[in-house]
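Here's the structure we're looking at; comments come further down.
Per chain, numbering begins at 1; letters A, B, ... match sequence-line order.
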Protein chains: 2
Amino acid sequence: MDQTAAAQDELAFLAAYDASVYARPSVAVDVALLTVARGSLQTLLVQRAGQPQQGRWALPGGFVAIDESLDAAAARVLAAKAGLEDVFSEQLYTFGEPGRDPRTRVISVVYFALVEPGRLERAVEARGDRQLALATLEVAANGRVRGVRAVGPGGAELPLAFDHAAILATAVERVRGKLDYAPIGFELLPGAFTLLELRRVHEAVLGRPLNKDSFRRKVIDRGLVEPTGDRATGLGHRPPELYRFARPAEADR
Amino acid sequence: MDQTAAAQDELAFLAAYDASVYARPSVAVDVALLTVARGSLQTLLVQRAGQPQQGRWALPGGFVAIDESLDAAAARVLAAKAGLEDVFSEQLYTFGEPGRDPRTRVISVVYFALVEPGRLERAVEARGDRQLALATLEVAANGRVRGVRAVGPGGAELPLAFDHAAILATAVERVRGKLDYAPIGFELLPGAFTLLELRRVHEAVLGRPLNKDSFRRKVIDRGLVEPTGDRATGLGHRPPELYRFARPAEADR
DNA sequence: CCACTTAGATGCCTAATGCATTTATGCTCC
DNA sequence: GGAGCATAAATGCATTAGGCATCTAAGTGG
């Protein structure tokens, strides 16, 4: 039994070693950049200019440089494709099925990023790039996320390249999961906002309505937000208090 | 502004493209194989035979073959190093800091795996390998995981190689997080077990005591377990009911 | 056969949440 | 400029989940 195990070990080691020496996969970073505008999740897509999958829409991405950290590569991609810097970004998952890119073996470390819609719209506009689109994500879900479709500004569906539909579904699941315990709206709203706006963001991310009063109580009782003292006027009704996100009191966390 | 942005884009693309063509990183898979025995988390470590970090202890790992999926690579590593097949395993995080391995750029896709302690102990014993150890994880935490130490069977600390201490800390955090909503104990216990055993597993993973009655109610009310009808005797007190994990009634999920 | 130990059920208290009600207040329309 | 409208924001109540204490059950081992 010992000898058998040792032999197996040896064989497996050699198989893996040879493969790694003679053919290394390419490593890329893709970024699922999400925002919430007009009550729904949106994401930034880039239309593929060349083959394969020409004309289809892909997440912004790029190869990882040999001396560049993964986080830095994600930041670089965001700066290069969307002109955005200092964006909240976090590693999501690594996709590496052998056949996902027909050209060669590409292992893609995917990040998701969150940004306030105003910033993203301005950045896309400044770029004036026809191959750049801010697409609305239609999420099919019953409990878990079943799939996503991307719909362009004109209302037409944008066909997604490679396995990017699966990647976006994973990103939506992660953002939904984080919403329960992390102050994510932080990244998706300007400095001051009303509780209604915050709730609308949460509802758009979760894809379901939330109870107004429970939401208010939770968010205030947990000290996630604090009033600025100002109110938003010109709305045609009682002006709501404006809030800002409170730096969490990191007492015992 | 358009031209500037386009030029930036072009430059960034070329920089990334050149780098990827001329030097590709190596891609490895490491596995944090966790179990719970004697009331604490344990993990399987391999002592490094060669330089660098000779004599230090590392997670079992290996390079990803060019036509092999990441999941398959993780399964292969587990089979080769621990002789284990059909183990619960899930992708954890990808570690890719440029300096983490002094030899060359290695990007490591890390999986965590859970296995019943009996199986793991038998597998390690069958191998009879001096360079293989089942180490106890000492987790420093106050709310979040602050760090981990690995302690060998003899009670001596096993110094960890590379960034593997950080990797194990990430694995512990993930397992703790999953415990709240996923039936993880499933993978760490034999087919039949008492509620006390299940609670001890949860307590070991979380590193804190749990309320006995609340735990019982939650786990039964949510239908996570079902009684087998048998009882465990010979314990010196009232024999507890034996339970098995219930396949969740996937009604609306 | 009695003491010990853990199992397992029951009840109570508190906190969190959903839902309904009430009052506040600026805006728009006439 | 006043009435009505829409939403804000506070309050109260019912339900539920979880923490805690108590009580009884039932083998084991002296």
Side-chain angles (χ1 to χ4, degrees), chain A residues 38-39 143 176 179-183 185 189 192-244 246 248-249 251-253, chain B residues 38-39 143 176-177 179-183 185 189-190 192-246 248 252:
Chain A
R38 281 173 299 282
R176 287 186 176 180
L179 210 54
D180 288 337
Y181 59 91
L189 285 170
F193 51 86
T194 68
L195 292 186
L196 177 61
E197 289 166 339
L198 179 60
R199 180 159 56 89
R200 293 276 181 250
V201 166
H202 279 235
E203 289 175 339
V205 170
L206 294 176
R208 63 183 170 88
L210 295 173
N211 183 276
K212 172 186 151 181
D213 301 284
S214 306
F215 184 81
R216 164 186 298 277
R217 262 183 311 204
K218 187 186 336 190
V219 95
I220 291 179
D221 291 354
R222 292 190 185 170
L224 297 181
V225 300
E226 57 191 20
T228 63
D230 295 329
R231 289 167 173 275
T233 56
L235 294 170
H237 55 80
R238 172 172 172 175
E241 181 81 41
L242 284 172
Y243 291 82
R244 72 171 74 90
D252 57 338
R253 288 214 118 196
Chain B
R38 282 173 298 283
R176 287 186 176 180
L179 210 53
D180 287 336
Y181 59 91
L189 285 170
F193 51 87
T194 69
L195 291 186
L196 177 60
E197 288 167 340
L198 180 60
R199 180 158 56 89
R200 293 276 180 250
V201 166
H202 279 236
E203 288 175 340
V205 169
L206 294 176
R208 63 184 170 87
L210 294 173
N211 182 275
K212 169 188 151 181
D213 301 283
S214 307
F215 185 81
R216 164 186 297 276
R217 262 183 312 204
K218 188 189 334 194
V219 95
I220 290 179
D221 291 354
R222 293 191 183 170
L224 297 180
V225 300
E226 57 191 20
T228 63
D230 295 330
R231 289 168 172 275
T233 57
L235 295 169
H237 54 81
R238 171 171 173 174
E241 180 80 39
L242 285 172
Y243 290 81
R244 73 171 74 91
F245 282 96
D252 58 337

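With hydrogens and angles disregarded, no donor-acceptor distance shorter than 3.5 Å links the side chain of B:Thr194 to the backbone of B:Pro240. The closest donor-acceptor contact from the side chain of A:Glu241 to the backbone of A:Arg231 lies at 3.5 Å or more, if one exists at all.
Aromatic ring orientation, A:His202 versus A:Phe215: perpendicular (interplanar angle above 60°, classes split at 30° and 60°).
Applying the salt bridge (Lys or Arg N to Asp or Glu O under 4.0 Å) test to residues at least two apart or on different chains, the pairs with a partner in residues 206-229 of chain A are A:Glu226-A:Arg244.
In this structure, B:Leu189 CG and B:Phe245 CZ are separated by 5.5 Å, a value rounded to the nearest 0.5 Å.
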Across nucleotides 7-20 of chain D, 5' to 3', mark each nucleotide with B, S or - according to how protein heavy atoms within less than 4.0 Å reach it.
BBBB-B-----BBB
